[in-house]
Amino acid sequence: MHKYRTHNCSELNKNNLNELVTISGWIDTKRDHGNLLFIDLRDNYGITQCVIDAKHKKFNEISALNLESVITVIGKVIERSEDTVNKSLSTGFIEINIDEYNLLSQSLTLPLPVNSDIDYGEDVRLKHRYLDLRRNKLHKNILLRNKIISSIRKKMNDRNFIEFQTPILTSASPEGARDYLVPSRIHKGKFYALPQAPQQFKQLLMIAGFDKYFQIAPCFRDEDSRADRSPGEFYQLDFEMSFVTQEDVFESIEPVLYEIFEENKNYSKDKECTVSQYPFPKIPYIESLEKYGSDKPDLRNPLIINDFTEIFKNSNFKIFSNKISEGAIVKGIIVKNSEEKPRSFFDKLNLWAQNEGAPGLGYINYYENEFKGPIAKNLSKDQLEQINLSNGDSVFFICDKIKYAQQFSALVRDKLCNEFNLLESNAFKFCWIVDYPMYELDEKTNTIQFSHNPFSMPQGELESLNNKNPLDIKAYQYDIVCNGVELSSGAIRNHDPEIMYKAFKIAGYSKKFVEENFSGMLNALKYGAPPHGGSAPGIDRIVMLLADEPNIREVIAFPMNQQAMDLMMEAPAKVDKKRLDELGIILVDKN
RNA sequence: GCGGGAGUAGUUCAGUUGGUUAGAACGCCGCCCUGUCACGGCGGAGGUCGCGGGUUCGAGUCCCGUCUCUCGCGCCA
C-alpha cells in the first residue's frame, strides 16, 4: 500500500466499503466524546470523517493532536448508519475506522482558525498566508483562478493564438505609471525596469510575423493600491492580432470572455445568473459620460442620466438658469414608482447630496397627474411636459459645470439604484467603451496631451491629424467593462512612423524625442509592420467578478498589503552594504 | 502627500454620561462524556485597552501627538 495515500479525502464512498485504505491530510476538526473521537481529515479535495474509540491503544495519543497537524490514517471504510449520514459531504455516507495512524507534521496553536471562514484581520491573514490559503473560501478562490486561467489558455490556443514569454527585466517606459526599477550590477548607475505590460514586445511579435499573440502576462506598476488594484503586480490576458480592424478584435475576444463567464457564473451566486450575449453593446466614450457619468458604466443599474439643460435654460428657476448662463448643464435621472417614499426620503437624499459636496438634490414628482416638489412651480407646463414623466415618476436634478455634473450624476445614479433596489444582481453585463478621444486639454497648462495611449491609431489616420481639431480626433482605443469594472483597455496600434511623428508633434513632442525614447519600436516599424491591435483583460479582476469578491487580495495567492509589503516574506527588506557596493548604490538618509 | 473608519485576551468583538476586580464567543489547558459533524457539559489560564503625553480625585472612555491596518482621493500612457 502507498505510504501516504491510496485515496484522497473526497473520493471514498459506499463503493469502497470494507476496503483497507490510507488517507493523509490536515486535522480540520476534532469532536471528542471522551471514549469516542471523530476527526475530519481534510486535503485539497475534500473531507473524510475518521473515527476511533477508547479501546484503541493510541486513542489518547491521537486525541491530543492539535488541529492542522498532518497525519496519515490507515483504516477500513465503514458505512454510516442512516441517522448519522452527513449529506453535505461527498464522503458523508462512509467513515474510516482508524486502525493505525502516523503523525507527519505537528501544528502549533493556530494564529487564526482554518476550519471557519469568519473574517480576520488582514495582517494576520497575510502573515500566515499558508494558513489563510487552507481556509475554504480562499482555497476555492485560488482553484477558481486556476480553472479560469487554464480555460483561457485552451480557448486562446484553440483560436490559433500563440503563447509567448516576454522579458521581465526590460527598460523603463517614459509614459504611464511609475516603474519598478532594478539596478544593474554590470552597468553601475543604470537600471532595468519591470514591464508595466508587455506592450512593446507584443507589437514587436506582430512585426515579427507571428500573427496572433497571447500571454498570461505579469504586469508591474508602482502605484498606490485600491480594493481592486493590488500593489506591485497583476496579471492580464494580453493578446494582439495582425491585419485586424477594431471589430475583428472585439469578435475574437467576446466569445472567450462570454464562455469564461458562462462556465463560472454560478460559482458565487445562488440564483441562476446571466451573461451578456455577444456582440456586447458598444458605447462611445462621450455617450457613456453623458448617460452614465462614467467611462465604466455598470449596466446592471437600469437608470439613465438625461440632459435637461434646454428645459431649464429659459425657465424661471433662477438657480439653474443663472448657472447655465455661466456654462453649467442640467442632468436629471428619472426613477419610476417613487410614490411610496415619504417626504423624509427626499429630504434625506438632499442631505446626502450636501454631504457629498453638492448644493442639494432638486427633484420633481409626477403623482396623480400633478407635478409636485420644490422645483416644479418654477417651470411652465410646457417645460414640465418636456421632461417626459409618467405617473408615479420622480426626476432628480444635478446642475454644475459639465465635468462635475457628470461625476456627481454618476454618484446619484448609484445612490438611487441602491435606494430603489434596482440593481440586477444576478447578471454579468458587458459593454465596450469605444471612440476615446486621442487628445485632451490639460486644464493646468492649457496644452494638448494624449488622453490615453500615445501608440493608438487615430481614427482617420494622417488625414485627421493634418486637418482636424486635435480635440475632435477619436482614437481606435477601447475599454471593455463588466458590471462597472474596467477589465481592460486596448487599441488598434499606430504602425506608421509618419503618423506617429505627427501624433506626437501635436502633443508637443519633437521627432527627436520620439526617436530617443521609442527607438526600438520606431525602428521596427520601418521594416514592414502589419496593421495590428489587441487588448488585455485583467485576470485578477475577472476572477474577482466571478468569485464576487470586493477585494482583489481574495483572489491572489500571495498578495502584498496596501503598503506594498509582503508580511510573510518580509519584503521589501534591507540589503547588506556589500550588495549595495556591488551595485554602486549609496543610501541617503533623508532625515 | 491628503481625507474617512478602525486598533481592547492567541483571534473576532462588546464595553453606557469618565466611576468597584475590563466582559463574551472561538481557540488554548484540565476534568466528564461512545454517534458527532460549528458535538455537548463543568472548571481554569490568558489583558502595558497600539504607543507617548495631557486633563481629572479617577481615563479603555475626554484632549493632543504618534504608529499600524483598512477604504477612498491624488496616482493608475
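Note that the structure is a prediction, hence the values are computed from the model and not measured. In what follows, chains are A, B, ... by sequence order, proteins preceding strands, each numbered from 1.
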Ignoring hydrogens and geometry beyond distance, is a side-chain donor-acceptor pair present between A:Gln196 and A:Asp179 at under 3.5 Å? yes

Is it true that A:Arg226 and A:Asp228 have a side-chain N and a carboxylate O under 4.0 angstrom from each other? no

Contact class for A:Val85 (heavy atom, under 4.0 Å): base, sugar-phosphate, or nothing? base

Pick the C1' atom in B:C33 and in B:G43, then give their distance to the nearest Å. 15 Å

Counting Watson-Crick and G-U wobble pairs only, both distances under 3.5 Å, name the nucleotide matched with B:C26, or none. B:G10

Is A:His33 stacked on the base of B:C39, meaning ring centres closer than 5.5 Å and planes within 30 degrees of each other? yes

Would you state whether a donor and an acceptor, one from the side chain of A:Arg125 and one from the base of B:C69, lie under 3.5 Å apart? no

How about A:Asn453 and A:Gln477: does a side-chain donor come under 3.5 Å of a side-chain acceptor? no

Does OP1 or OP2 of B:U68 have a side-chain N or O of A:Asn561 closer than 4.0 Å? no

Go through the N and O atoms of the side chain of A:Lys30 and the base of B:U36, and report whether any donor-acceptor pair is under 3.5 Å. no

Starting at the 5' end of RNA chain B, which residue's closest nucleotide do you reach first, A:Pro454 or A:Met560? A:Met560

Heavy-atom closest pair (A:Pro572 atom, A:Ala564 atom, distance to 0.1 Å) is CD-O, 3.6 Å

Phosphate oxygens OP1/OP2 of B:U68: is one of them under 4.0 Å from a side-chain N or O of A:Gln562? no

Under the criterion ring pair (Phe, Tyr, Trp, His ring centres under 6.0 Å), which of A:Tyr478, A:Phe450, A:Tyr285 is the partner of A:Tyr436? A:Tyr285

Rounded to the nearest Å, what distance is computed from the CG atom of residue A:Leu112 to the C1' atom of nucleotide B:C26? 12 Å

Categorize A:Lys55 for me: base, sugar-phosphate, or nothing, with a 4.0 angstrom heavy-atom threshold over every strand shown. base

Base-pairing mate for B:G72 - Watson-Crick or G-U, with both contacts under 3.5 Å: B:C2

Nearest-nucleotide check on RNA chain B, A:Val51 vs A:Ala177; residue mapping nearer the 5' end is A:Val51

Measure distances between side-chain N and O atoms of A:Asp224 and base N and O atoms of B:G74, and say whether any donor-acceptor pair falls under 3.5 Å. yes

Quickly work out the A:Glu223 CD to B:G74 C1' distance and round it to whole Å. 12 Å

Nearest-angstrom distance, C1' atom, B:G53 to B:U17: 25 Å

With rounding to the closest Å, how many angstrom separate the P atoms on B:C75 and B:G65? 28 Å

Strictly below 4.0 Å: does A:Asn86 bring a side-chain N or O up to OP1 or OP2 of B:C37? no

Give a yes or no on whether a donor-acceptor pair under 3.5 Å exists between the nucleobase atoms of B:C37, that is its base, and the side chain of A:Arg80. yes

Looking only at atom P, what distance separates B:C28 and B:A22, rounded to whole Å? 26 Å

As its Watson-Crick or G-U partner within any shown strand, both distances under 3.5 Å, B:G58 has none

So A:Thr166 and A:Gln215, side-chain contact (heavy atoms from CB on, under 4.5 Å) or not? Walk me through it. CA-CA 9 Å; A:Thr166 50; A:Gln215 179 175 196; 3.0 Å; yes

Ignoring backbone atoms, establish whether A:Gln49 has a side-chain N or O less than 4.0 Å from OP1 or OP2 of B:U36. no

Base, sugar-phosphate, or nothing: which does A:Phe450 touch, judged by heavy atoms less than 4.0 Å apart? nothing

Mind checking A:Pro111 for me? I need base, sugar-phosphate or nothing, with any heavy atom below 4.0 Å counting as a touch. sugar-phosphate

Taking OP1 and OP2 of B:G74, is either one under 4.0 Å from a side-chain nitrogen or oxygen of A:Arg178? no

Rounded P spacing from B:G15 to B:G50 in Å: 15 Å

Please measure how far the P atom in B:G4 lies from the corresponding atom in B:C76, and state the result in whole Å. 24 Å

Which whole number of Å gives the distance between the C1' atom of B:G58 and that of B:G18? 8 Å

Could you tell me whether A:Thr29 contacts a base, only the sugar-phosphate backbone, or nothing, with contacts defined as non-hydrogen atoms closer than 4.0 Å? sugar-phosphate

Please determine whether any donor N or O and acceptor N or O are separated by less than 3.5 Å between the side chain of A:Arg229 and the base of B:C76. yes

Go ahead and name the base partner of B:C33; Watson-Crick or wobble counts if both distances stay under 3.5 Å, otherwise write none. none

Is the ring pair A:Phe518/A:Phe504 parallel, tilted or perpendicular, if the boundaries are 30 and 60 degrees? tilted

Please state how far atom CG in A:Asn60 lies from atom C1' in B:C31, giving the value in whole angstrom units. 13 Å

Nearest to the side chain of A:Asn66, heavy atoms from C-beta on, is which of B:U36, B:U34, B:C29? B:C29

Can you tell me if the side-chain N/O atoms of A:Arg226 get under 4.0 Å from OP1 or OP2 in B:C75? no

side-chain N/O A:Arg31 vs B:C39 OP1/OP2, d < 4.0 Å: yes

Would you classify A:Gln196 as touching base, sugar-phosphate or nothing, given that sugar-phosphate means primed atoms plus P, OP1 and OP2, and contacts are heavy atoms under 4.0 Å? nothing

Name the nucleic acid region contacted by A:Glu82, choosing base, sugar-phosphate or nothing; use a 4.0 angstrom heavy-atom cut-off, strictly under. nothing

Mind checking if A:Asn551 touches a base, just sugar-phosphate, or nothing, with heavy atoms under 4.0 Å? sugar-phosphate

How about A:Tyr476 and A:Asn494: does a side-chain donor come under 3.5 Å of a side-chain acceptor? no

Mate of B:U21 where both pairing distances stay under 3.5 Å, Watson-Crick or G-U: none

